[in-house]
Novice: 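Dropping the structure in here first, questions after.
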Amino acid sequence: MIDINLIREQTTFVAEALAKKGWKVNFDELLEQDAQRRTLRQVVENNKAEQNRLSASVPVVKKAGGNINELFAKVKQLKLDNEAKELELNSLDSTINKVLFELPNLPDSDLLAGGKENNKVIHVFKKAPSFDFKIKDHVELCESLGLIDYKRAAKISGNGTWIYKGLGAMLEWALINFFVSEHIKDGYEMIIPPHILNYESGFTAGQFPKFEEDVFWLEGMSPRRFLLPTAETALVNFHRDEILTEEELPHKYFAYTPCYRSEAGSYRTEERGMIRGYQFNKVELVQYTKEDQSDVAFEELVGKARSLVEKLGLHFQISKLAAGDCSHSMARTYDIEVWIPSMGIYKEVSSVSNARDYQARRGLMRYRDKETGKIKYLHTLNASGLATSRLVPAIVEQYQTKDGEVIIPEVLRPFMGGIEKISLPR
RNA sequence: GGAGCAAUACCCAAGUUGGUGAAGGGGCUUCCCUGCUAAGGAAGUAGGUCGGGUAACUGGCGCGAGAGUUCGAGUCUCUCUUGCUCCGCCA
């Protein structure tokens with residue numbers, strides 16, 4: 001959430017920053033309402049103060065034998081006078097909040113304006129593998145090798161789903177295991193969160209109110225709850241309404257969860273197979289930091305995501321996203337994109353983002369400054385580490401042989417009982 | 001799903017309405033004694049949030065959440081949420 005005070009004091013700055021994200025905002029009306037709210041608040045609060053004063057004097061007057069009924073009437077009248085104004089104040093609050101809650105985060109100043117077209121590749125690992133045979137795409141490979149079963153998934157579930165089976169399931173699980181072990185090694189605390197979250201969690205993360213349609217809501221639960229679209233939503237809410245001590249920071253968490261997304265109507269032929277589905281697997285990293293630690297944390301997260309893909313030996317690139325391509329809640333995002341040979345394109349397997357204080361403001365996540373004793377907002381960051389369901393296509397395609405087999409990346413072998421390659425079933 | 005109990009500040013905890021953020025501990029800060037530690041004594045501090053003010057300071061809210069009764073609610077009423085105990089069901 002953007003601080004209303006910032007909007008008031010640096011209106012042009014905020015508007016220009018949002019414009020880089022493609023948001024054309026005019027704050028005139030908002031600021032007008034804000035000004036109204038501030039004067040109205042003074043009036044209402046002064047009235048309340050008077051009410052409080054009079055009420056407090058009741059026992060004193062009573063003791064002195066004064067006229068209490070007069071006081072009663074006075075307070076009652078003050079209360080009546082205030083009623084309409086209070087309603088107006090409330091309605092101003094919700095009008096202002098409606099706008100405020102939907103505004104995206106401000107992009108960092110070094111980001112280029114505009115969308116995808118202005119993303120900048122800032123790092124490339126390896127060259128795209130070249131093949132001296134006709135390559136197969138991951139759907140073909142996974143089916144012929146018996147790794148994925150799309151047909152039965154359609155039978156037991158429906159479109160947008162798939163079944164990992166046999167070595168396919170083992171490969172997916174090996175990736176998860178590999179990532180888990182790396183994150184534990186790096187001192188991240190492992191979390192297994194609930195997959196069913198309440199509205200407040202979606203709000204704090206910044207998904208709601210804007211993207212309520214993109215998640216699966218559960219029927220029959222009151223108050224309503226939804227399936228997490230990423231573990232970030234759970235992890236970034238751990239310290240909601242909390243004040244941490246400086247010693248606890250930075251705090252680093254990770255979790256593996258499936259991610260459930262409705263994203264209705266967003267499917268394209270480019271995204272057949274396992275590129276996009278209603279449910280996919282991802283290991284997610286989250287850091288809570290002080291404001292002056294978040295840049296370092298960001299680099300650490302980029303480094304971690306990068307090193308994981310490197311260890312898998314995959315050709316990939318890192319893109320620094322233009323302001324408009326960063327997620328709604330994020331001030332800055334780098335994507336790690338892995339090469340999918342059959343498509344000739346790069347697909348995101350990790351998104352590393354710094355939300356700065358955007359989520360912290362929404363969820364009142366703070367820490368106490370040791371020096372000054374003051375309360376400050378935390379910074380939150382998150383990174384996929386990594387999206388395993390997107391990696392399997394990259395691995396089978398980049399590691400395919402002319403016989404239609406797939407070599408297992410070395411780092412995964414210990415997690416797959418030492419198997420070196422996946423052969424065609426006899 | 002049924003029945004009962006609970007929800008107070010960083011933690012524990014008192015408090016069935018009339019001058020107040022709310023006794024008391026723990027904790028924390030400073031000092032003293034002992035002085036490696038442990039233990040003891042004295043004083044102090046004690047939440048957050050939204051406003052006003054250059055500042056000192058000051059106002060609103062606030063005792064799980066929301067609504068109500070009342071001049072006045074931690075304290076009464078209603079709804080909800082969460083936790084605990086017992087029963088039922090169950091991976």
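Convention: sequence-line order gives letters A, B, ...; per-chain numbering from 1. The figures that follow rest on heavy atoms only: side chains count, while hydrogens, waters and symmetry mates do not.
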Novice: Whole-Å distance between rG48(B) P and Leu244(A) CG?
Specialist: 14 Å
Novice: Applying a 3.5 Å limit to both distances, which nucleotide forms a Watson-Crick or G-U wobble pair with rA55(B)?
Specialist: none
Novice: Nearest whole angstrom, please: distance from the C1' of rU49(B) to the CZ of Arg368(A).
Specialist: 13 Å
Novice: Atom NZ of Lys79(A) and atom C1' of rU70(B): how far apart are they, to the nearest Å?
Specialist: 7 Å
Novice: Considering only atom P, compute the distance from rC84(B) to rG66(B) and round it to an integer number of Å.
Specialist: 23 Å
Novice: On a whole-Å scale, what distance lies between the C1' atoms belonging to rU16(B) and rU77(B)?
Specialist: 14 Å
Novice: Output the single nucleotide from rC71(B), rG60(B), rU82(B) whose closest atom is nearest the side chain of Ala49(A).
Specialist: rG60(B)
Novice: Need the pair for rC84(B). Rule: Watson-Crick or G-U wobble, both distances under 3.5 Å, any strand; none if unpaired.
Specialist: rG4(B)
Novice: Between rG59(B) and rG21(B), how far is it from one C1' atom to the other, in whole Å?
Specialist: 15 Å
Novice: Are the aromatic ring centres of His239(A) and Tyr253(A) under 6.0 angstrom apart?
Specialist: yes
Novice: If the threshold is 4.0 Å, N to carboxylate O, is there a salt bridge linking Glu45(A) and Lys48(A)?
Specialist: no
Novice: For nucleotides rC10(B) and rC5(B), find the distance between their C1' atoms and express it as a whole number of Å.
Specialist: 26 Å
Novice: Do Lys304(A) and Tyr188(A) form a cation-pi contact, if we require the NZ or CZ to be under 6.0 Å from the six-membered ring centre and within 45 degrees of the ring's axis?
Specialist: yes
Novice: What integer number of Å spans the C1' atoms of rC28(B) and rC11(B)?
Specialist: 12 Å
Novice: Only pairs with both distances under 3.5 Å count, Watson-Crick or wobble alike; so what is the partner of rU79(B) in this structure?
Specialist: rA65(B)
Novice: Now, which nucleotide makes the Watson-Crick or G-U wobble pair with rC31(B), with each of the two distances under 3.5 Å?
Specialist: rG41(B)
Novice: Name every residue in residues 32-47 of chain A that has at least one heavy atom under 4.0 Å from any atom of RNA chain B, in order of residue number, or write none if there are no such residues.
Specialist: Arg38(A), Arg41(A), Gln42(A), Glu45(A)
Novice: What is the distance from CZ of Arg366(A) to P of rC50(B), rounded to the nearest Å?
Specialist: 9 Å
Novice: Quick one: on RNA chain B, does Ile4(A) or Val58(A) contact a more 5' nucleotide (nearest heavy atom)?
Specialist: Ile4(A)
Novice: Could you measure between the two P atoms, the one in rG52(B) and the one in rC33(B), and give it in whole Å?
Specialist: 49 Å
Novice: Scan every strand shown for a Watson-Crick or G-U wobble partner of rG74(B), both distances under 3.5 Å, and answer none if you come up empty.
Specialist: none
Novice: Under 4.0 Å: is that the gap between some side-chain N or O of Asn52(A) and OP1 or OP2 of rG60(B)?
Specialist: yes
Novice: Over how many whole Å does the gap from Phe72(A) atom CZ to rG18(B) atom P extend?
Specialist: 14 Å
Novice: Suppose we screen for ring-ring contact (aromatic ring centres under 6.0 Å, His included). Which residues come up paired with Phe72(A), at least two apart in sequence or across chains?
Specialist: none
Novice: Taking the six-membered ring for Trp, are Phe179(A) and Tyr256(A) closer than 6.0 Å centroid to centroid?
Specialist: no
Novice: Hey, are Asp295(A) and Arg356(A) close enough for a salt bridge, meaning a charged N less than 4.0 Å from a carboxylate O?
Specialist: yes
Novice: Does OP1 or OP2 of rG72(B) have a side-chain N or O of Lys76(A) closer than 4.0 Å?
Specialist: no
Novice: Between rA43(B) and rG48(B), how many Å separate the two P atoms, rounded to a whole number?
Specialist: 25 Å
Novice: When both hydrogen-bonding distances must be under 3.5 Å and the geometry is Watson-Crick or G-U wobble, what is rA46(B) paired with, if anything?
Specialist: none
Novice: Ile243(A) CD1 to rG27(B) P: how many Å, rounded?
Specialist: 21 Å
Novice: May I ask you to check if Arg224(A) and Tyr199(A) form a cation-pi contact, with NZ or CZ under 6.0 angstrom from the six-membered ring centre and within 45° of the axis?
Specialist: no
Novice: Are Phe226(A) and Phe208(A), when compared by the centres of their aromatic rings, separated by less than 6.0 Å?
Specialist: yes
Novice: Of the nucleotides rG19(B), rU81(B), rC50(B), which has the atom closest to the Pro223(A) side chain?
Specialist: rU81(B)
Novice: Please report, rounded to the nearest Å, how far the C1' atom of rG72(B) is from the NZ atom of Lys62(A).
Specialist: 11 Å
Novice: Both Tyr377(A) and Lys48(A) contact RNA chain B. Which one's nearest nucleotide lies toward the 5' end?
Specialist: Tyr377(A)
Novice: Only counting residues at least two apart or in another chain, list the ones meeting ring-ring contact (aromatic ring centres under 6.0 Å, His included) with Tyr358(A).
Specialist: none
Novice: Just checking Leu364(A): base, sugar-phosphate only, or nothing, at a heavy-atom cut-off of under 4.0 Å?
Specialist: nothing
Novice: Could you tell me how far apart Glu242(A) (CD) and rA9(B) (P) are, to the nearest whole angstrom?
Specialist: 14 Å
Novice: Expressed in whole Å, how much space separates the P atoms belonging to rG72(B) and rC61(B)?
Specialist: 12 Å
Novice: Under 4.0 Å from OP1 or OP2 of rG19(B): is there any side-chain N or O of Arg53(A) that close?
Specialist: no
